[in-house]
2 protein chains.
Amino acid sequence: MTTLKELAALLNISVSTVSKALNDSHEISENTRIRVKELATKLNYKPNRIAQQLKTNKSKTIGVILPTVTNPFFAEVLHGIEMAATDSDYDIIVCLSNETLHKEKRSLELLSNGSVDGFIMAVARESQVKKETDHINAIIKSKLPVLMFDRVVSDIECNKVIVDDFQCVYEATEYLILKEKRKNILLVSNIEELSVGKLRIEGYSKALEDHNLKPVILKLDNAKDEDVENKIYNYLKSNTSIDAILSIDHVTGIVAINMAKKLGKVIPKDLSVVGFGYEHTQLLSSPKISIIHQKAHKIGEMSTMLLIDNIKDESLRSKTIVVPSELKLSGSTQTKF
Amino acid sequence: MTTLKELAALLNISVSTVSKALNDSHEISENTRIRVKELATKLNYKPNRIAQQLKTNKSKTIGVILPTVTNPFFAEVLHGIEMAATDSDYDIIVCLSNETLHKEKRSLELLSNGSVDGFIMAVARESQVKKETDHINAIIKSKLPVLMFDRVVSDIECNKVIVDDFQCVYEATEYLILKEKRKNILLVSNIEELSVGKLRIEGYSKALEDHNLKPVILKLDNAKDEDVENKIYNYLKSNTSIDAILSIDHVTGIVAINMAKKLGKVIPKDLSVVGFGYEHTQLLSSPKISIIHQKAHKIGEMSTMLLIDNIKDESLRSKTIVVPSELKLSGSTQTKF
DNA sequence: TTGTAAGCGTTATCAG
DNA sequence: CTGATAACGCTTACAA
């Protein structure tokens, strides 16, 4: 890699002159500025980022800590983060906690040594279940800005970008009750221990309560793929009165449709199904599932912008932004034949 | 952030003594070593990574450039990369090219200034279509190791981790012909411009040819979601002799199942469907789709290990590893009821 | 056993 | 207009 020193030596001028010339300092003569720049492009000179970082004590890098990236929601958030970060000339270092506390902790600790100027994170499942958040507090106390999205810890003060979990599930439930005239709505949950899961269940319960109906919840306890199908199938088989399903995650809604069809149910006549979904979810089910579409990409963008604001101005550190979800009915994007 | 200088000042010893003590140098007395370490932990000292990087001229960071991360294949590869990198104490900086040449180029250029010790990349769709690869060659010439996976450029010499695209599709096709006794196998493609798409089509064509059958290919030309369904539906409607579908991407196989059911076809009696898939793909279709399962996670791991080898030893730079795929038949993981 | 000093590649201050 | 010098935080000969 070409350095300032090398350029200086080749041109028989000092390092500082070269530096100034490249940075368009007005102290430098037109002549040398051009000579320097020509040689620089010729040798493909690029200022060493590490040296600049050491000098300025800024890494222009954001640490992104995600529970997983194979979940399409987080993948789409990551996409949003990457785009917004690029727009603002930030790099992102990505770490995956794999839903474990120890990896989350390790990543935060390893990166809080000057590697990053701040963190964007969604709390790991284990951390949330165990209510273990000291490691996050430690980072904040060390003056490194942290932004939490989606899975947040309510008693930590920092910027947050969240989904309107309670509200959108409330509305979806009410839609099933009022528009689709459903009375036995089963909530299927594979994420009941997460903060978002709890909020969604509350939204569902409140809506049923407000309409004098009885909540029925099938908790899958974070089951494995194989068991998910079995549990849903068996439940539907033994509880034939169920006329609607509300899945609060991204997968079990589609599984429910498939299992219901297997049981001979006609969708949506016998059973309405609403789930959570992302951009391409509806392409994967037939008939199309109705989805609560979280604006994952937008969540990523907003998170990044908010964190960068916070990095630049320490005082901007306790804002919470709610990104509203959108209920996409099966009909509204259904392909016409 | 605490620095060596601060520790030294507080202990009234020199910076180098502190440094050595922390690095367990044998030159340092038991006594001071302990004193230093105690204070260090007390003040939560962490060596400034940026300074270390400048000193050693190593970033211990890998640049990962992916076309997208919302495609589950790349998400899973990223997961593999992250885990392997963490194991070897490397960070990863992730950039998404969004399938565009200019973003890919920009990312490579921006990171090749000391930010990373090497790159792992899958070439963007646009770069592959336009056969524009000078930017990648430039990096390699500048002595930064590059590893390409999945979508590779054949006339660039570097480490590569690829899938057995030709072979696995050949075998899947042969399976349809020999075991399932299919004669009119439609290949559905939404990625025919990619190197991997071409190889898969060749594998399919060769298998048909070897068995004296005629290839029939439905190219979707990188169509949007809405059109994918329509095109497949219409094709199946007007070509009723089709008795098997081979999808060479991760989505259109499931769409094909749904469209075939819509047309009243019974699967797998009337129509066998094989697609590409990842870990959870089969959970999303009913009946379960047979999939060619690419070991995406393993691809990520192998890529990382190979790149790190190359970083440590410059001479290890022209190996190609083929990660075999696995044909997962619908029956083999089918849930039993 | 401890300390001094140089250097990684930049930028910034100050002097010439 | 140009250059010498110091500094960012760390490591490491080399001296003491």
Side-chain angles (χ1 to χ4, degrees), chain A residues 1-37 39-40 43-61 89 110-117 142-144, chain B residues 1-37 39-40 43-61 89 110-117 142-144:
Chain A
M1 276 198 18
T2 317
T3 67
L4 287 184
K5 206 193 227 177
E6 286 167 30
L7 294 180
L10 287 171
L11 293 167
N12 272 315
I13 56 180
S14 79
V15 171
S16 54
T17 306
V18 177
S19 172
K20 286 173 188 163
L22 289 172
N23 290 304
D24 287 318
S25 164
H26 22 261
E27 307 177 16
I28 301 296
S29 73
E30 184 74 6
N31 195 315
T32 53
R33 201 162 53 75
I34 292 176
R35 285 204 317 142
V36 169
K37 288 203 170 181
L39 187 64
L43 298 187
N44 193 25
Y45 167 80
K46 285 183 216 131
N48 181 312
R49 184 102 174 298
I50 305 290
Q52 283 178 324
Q53 287 174 6
L54 181 61
K55 188 73 188 152
T56 60
N57 202 26
K58 292 254 157 287
S59 66
K60 281 282 219 156
T61 303
D89 279 318
L110 284 179
L111 293 183
S112 59
N113 59 357
S115 296
V116 303
D117 294 340
S142 79
K143 298 289 176 201
L144 262 184
Chain B
M1 276 197 18
T2 319
T3 67
L4 285 185
K5 205 193 226 175
E6 286 167 29
L7 293 180
L10 286 170
L11 294 167
N12 273 315
I13 55 180
S14 80
V15 171
S16 61
T17 305
V18 176
S19 172
K20 285 173 187 164
L22 289 172
N23 291 304
D24 288 318
S25 164
H26 24 263
E27 308 177 11
I28 302 295
S29 72
E30 184 74 7
N31 195 314
T32 53
R33 203 163 52 75
I34 293 177
R35 287 206 315 144
V36 170
K37 287 202 171 181
L39 187 65
L43 297 186
N44 192 25
Y45 167 81
K46 286 183 215 128
N48 182 313
R49 184 104 176 296
I50 305 291
Q52 283 179 323
Q53 287 174 7
L54 182 60
K55 184 70 189 158
T56 60
N57 202 27
K58 291 257 158 285
S59 66
K60 281 282 221 156
T61 303
D89 279 317
L110 284 181
L111 294 183
S112 59
N113 58 359
S115 296
V116 302
D117 295 340
S142 79
K143 298 288 174 202
L144 263 183

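Labels below follow one simple rule: chain letters A, B, ... track the order of the sequence lines, proteins then strands, and each chain is numbered from 1.
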Presence of A:Thr17 side-chain N/O under 4.0 Å of D:dG3 phosphate oxygens OP1/OP2: yes

Side chain proximity check, B:Val36 to B:Leu11, heavy atoms < 4.5 angstrom: yes

Residue pair B:Gln52 / A:Asn113, side-chain heavy-atom distance below 4.5 Å: no

Heavy-atom donor-acceptor pair, B:Ser16 side-chain to C:dT4 base, under 3.5 Å: yes

Interatomic distance, A:Lys58 NZ vs C:dT10 C1' [rounded to whole Å]: 16 Å

Interatomic distance, A:Arg49 CZ vs C:dT11 P [rounded to whole Å]: 13 Å

Under 3.5 Å donor-acceptor pair, B:Lys20 side-chain atoms to C:dG3 base atoms: yes

Protein-nucleotide distance (B:Gln53, atom CD; D:dC8, atom C1'), rounded to Å: 14 Å

Helix axis bend for the helix from C:dT1-D:dA16 to C:dG16-D:dC1 - C1'-based end axes, five pairs, 10° rounding: 60°

Check: A:Lys55 side chain, D:dA7 base, donor-acceptor under 3.5 Å: yes

Sugar-phosphate, base or nothing in reach of B:Asn57, heavy atoms under 4.0 Å: nothing

Interatomic distance, A:Leu22 CG vs C:dG9 P [rounded to whole Å]: 15 Å

A:Thr17 side chain near A:Ile28 side chain, heavy-atom distance below 4.5 Å: yes

Sugar-phosphate, base or nothing in reach of A:Ser29, heavy atoms under 4.0 Å: sugar-phosphate

Which atom of A:Met1 lies closest to which atom of A:Glu6, heavy atoms considered: O-OE2, 3.7 Å

Sugar-phosphate only, base, or nothing, as touched by A:Lys46 at under 4.0 Å among non-hydrogen atoms: sugar-phosphate

Side-chain heavy atoms of A:Lys37 within contact of A:Asp24, under 4.5 Å: yes

Sidechain-backbone polar pair: B:Arg49 side chain, B:Ser59 backbone, donor-acceptor under 3.5 Å: yes

Along DNA chain C (nearest heavy atom to each residue), the more 5'-positioned of A:Leu54 and A:Glu27: A:Leu54

Distance in angstrom units between A:Asn23 CG and C:dT10 P, rounded: 10 Å

B:Asn23 side-chain N/O to B:Ser25 backbone N/O, donor-acceptor pair under 3.5 Å: no

For atom CG of A:Asp24 and atom P of D:dC1, their distance in whole Å: 14 Å

Side-chain heavy-atom pair B:Leu111, B:Leu144 within 4.5 angstrom cut-off: no

Contact list for DNA chain D against residues 1-14 of chain B - heavy-atom distance below 4.0 Å: B:Thr3, B:Leu4, B:Lys5

Sugar-phosphate only, base, or nothing, as touched by A:Thr32 at under 4.0 Å among non-hydrogen atoms: sugar-phosphate

Residue of the set B:Ile34, B:Leu10, B:Val18 for which side-chain contact (heavy atoms from CB on, under 4.5 Å) holds with B:Leu39: B:Leu10

Note, B:Leu43 side chain near B:Leu7 side chain (heavy atom, < 4.5 Å): yes

Below 4.0 Å: OP1/OP2 of C:dT11 and any side-chain N or O of A:Gln52: yes

